Protein chains: 2
Amino acid sequence: MRHDTRLSRMLHVLVHMDRHEGAATSETIAAMLGTNAVVVRRTMAGLRDQGYVRSEKGHGGGWILARPLGEITLLGIHNALGAPQLFSIGLAGDNPNCVIEQAVNASLAEAMHEAEAILLAKFGQVTLAALAEESSKRWAKPAHCSLAMEHS
Amino acid sequence: MRHDTRLSRMLHVLVHMDRHEGAATSETIAAMLGTNAVVVRRTMAGLRDQGYVRSEKGHGGGWILARPLGEITLLGIHNALGAPQLFSIGLAGDNPNCVIEQAVNASLAEAMHEAEAILLAKFGQVTLAALAEESSKRWAKPAHCSLAMEHS
DNA sequence: GATCATGCAACAACGCTAGTTGCATGATCA
DNA sequence: TGATCATGCAACTAGCGTTGTTGCATGATC
């Protein structure tokens, strides 16, 4: 079962954007992530709709942070990406009339809801500012990704 | 992102097997799940290797529970299925040298590990006997899936 | 008006899981 | 003993969803 790394990647990008002079183009971000500019635009569109970033056209255009890192939580970005499925396991629905299936699913669902609530609560407590500070504190070295070339 | 319903389905099947006279063939189980007998064998193979079920060939053969429901937990079956990924979100690994990516991933991983621990702990506490009792208590009616035809 | 960059839609490619087929093995029954 | 039933296993096929790609339109800057 393949996993969705958009959340991790977008968080990474956003912190870099904060340190970045001017706008970052989709092309630049795509190169940093080893992916395609159109995919970047598709993904960033959700963040733009939620007011986390702005996009500007023309010379010197690209993507710009629209809020301070301190106002952006992991949960906010998760939701801006469409709040995708957190779990890769799901409930069977082949025999909805079967009381056994219902009991099995109810038990699984309860455990999953509890775990999900805890995960989302954690996500809601962490801001990108905290992550940025954490990274500079622990390693005291500039980041070196392609987006951050001017820092290295 | 599609989800893996094997755990839910196998739990369902196991409870039915407990109420079932004699062995249940892969074909019967497949019909009940709306799937294929080979897929059933593939999935049940893991449970057999862990001693949860036995398989017998020839006339009257099929699958038989090898342990009482009280000794089978959701966690046990989850592990017997190969302990597949629980989360559909994952960590990016494009820039392993980047301290920002490291900080982002560390934060996500911590939250996910915590949620996973809670989920697995829950799974470890629930036995199939509890599910079987729950289903008969709450509805006080026989289950009606194809595997359970003789009860309905 | 030339260039740069996003926006959007349609299409192609890829990877993964489920599903399928075919044959071998072994147990039961007549 | 031979026919039948059922699992075991391996290789192949199909379907689905996501990512990647292409082409063109829009708008901003130089």
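In the text below, chain A, chain B and the rest are named by the order of the sequence lines, each starting its count at 1. This is a predicted model, so every value here is computed, not measured.
- OP1 or OP2 of dT7(D) has not a single side-chain nitrogen or oxygen of Ser55(B) nearer than 4.0 Å.
- The CD atom of Glu27(B) sits 12 Å away from the P atom of dC5(D) (whole-angstrom rounding).
- Look at dT22(D): its Watson-Crick or wobble partner, with both distances under 3.5 angstrom, is dA9(C).
- Base-pair partner of dT4(D): dA27(C) (Watson-Crick or G-U wobble, both distances under 3.5 Å).
- Between Asp4(B) atom CG and dG15(C) atom C1' there is a gap of 16 Å when expressed in whole angstrom units.
- Here the C1' atom of nucleotide dT18(D) and the CD atom of Gln85(A) are 15 Å apart, to the nearest Å.
- Using modelled atom types, one side-chain atom of Thr43(A) and one backbone atom of Val39(A) make a donor-acceptor pair closer than 3.5 Å.
- Across the protein-nucleic acid pair, His3(B) atom NE2 and dT18(D) atom C1' stand 15 Å apart, rounded to whole Å.
- Taking for each of Arg42(A) and Gly62(A) the nucleotide of DNA chain C with the nearest heavy atom, the 5'-most of the two is the partner of Gly62(A).
- Closest to the Val38(B) side chain, of the nucleotides dC9(D), dT22(D), dT7(D), is dC9(D).
- Between Thr25(B) and dT7(D), a side-chain N or O to OP1/OP2 separation shorter than 4.0 Å is absent.
- For the residue pair Thr28(B) and Thr25(B), a side-chain donor N or O sits within less than 3.5 Å of a side-chain acceptor on the partner.
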Checking side-chain hydrogen bond (donor to acceptor under 3.5 Å, both in side chains) for the pair Trp63(B)/Ser26(B): CA distance, chi angles, key distance, verdict? CA-CA 7 Å; Trp63(B) 298 91; Ser26(B) 303; 2.9 Å; yes
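- Across the protein-nucleic acid pair, Leu81(B) atom CG and dA18(C) atom C1' stand 15 Å apart, rounded to whole Å.
- Residue-to-nucleotide proximity on DNA chain D shows that, of Gly34(A) and Gly58(A), the 5′-proximal contact is made by Gly34(A).
- On a pure distance criterion of 3.5 Å, a polar donor-acceptor pair joins the side chain of Lys57(B) and the base of dT25(C).
- Pairing for dG19(C) goes to dC12(D), judged as Watson-Crick or G-U wobble with the two contacts each under 3.5 Å.
- Residue Leu33(B) contributes atom CG, which lies 13 Å from atom C1' of dA18(C) at whole-angstrom precision.
- A salt bridge links Glu110(A) with Lys122(B): the closest approach of a Lys/Arg side-chain nitrogen to an acidic carboxylate oxygen falls below 4.0 angstrom.
- Distance CE/Met44(B) to CZ/Arg48(B): 9.5 Å, rounded to 0.5 Å.
- Within the 4.0 angstrom heavy-atom criterion, no nucleotide atom of any strand lies near Arg54(A).
- Taking side-chain N and O atoms only, Thr35(B) has no distance below 4.0 Å to OP1 or OP2 of dA18(C).
- For Arg48(B) and dG8(D), the shortest distance from a side-chain N or O to OP1 or OP2 is below 4.0 Å.
- The CG atom of Asn36(A) sits 13 Å away from the C1' atom of dG23(D) (whole-angstrom rounding).
- Put simply, CG on Leu47(B) is 14 Å from P on dT7(D), counting in whole angstrom units.
- Toward the 5' end of DNA chain D, the nearer of the two residues Gly60(B) and Arg41(A), judged by each one's closest nucleotide, is Gly60(B).
- The side chain of Trp63(A) lies closest to dT6(C) when the candidates are dC29(C), dT6(C), dA9(C).
- Looking at heavy-atom distances under 4.0 Å, Glu56(B) makes contact with sugar-phosphate atoms alone, never a base.
- Taken together through direct or relayed side-chain contacts under 4.5 Å among Ile, Leu, Val, Met, Phe, Trp and Tyr, Ile89(A) and Ile118(A) form parts of separate hydrophobic clusters.
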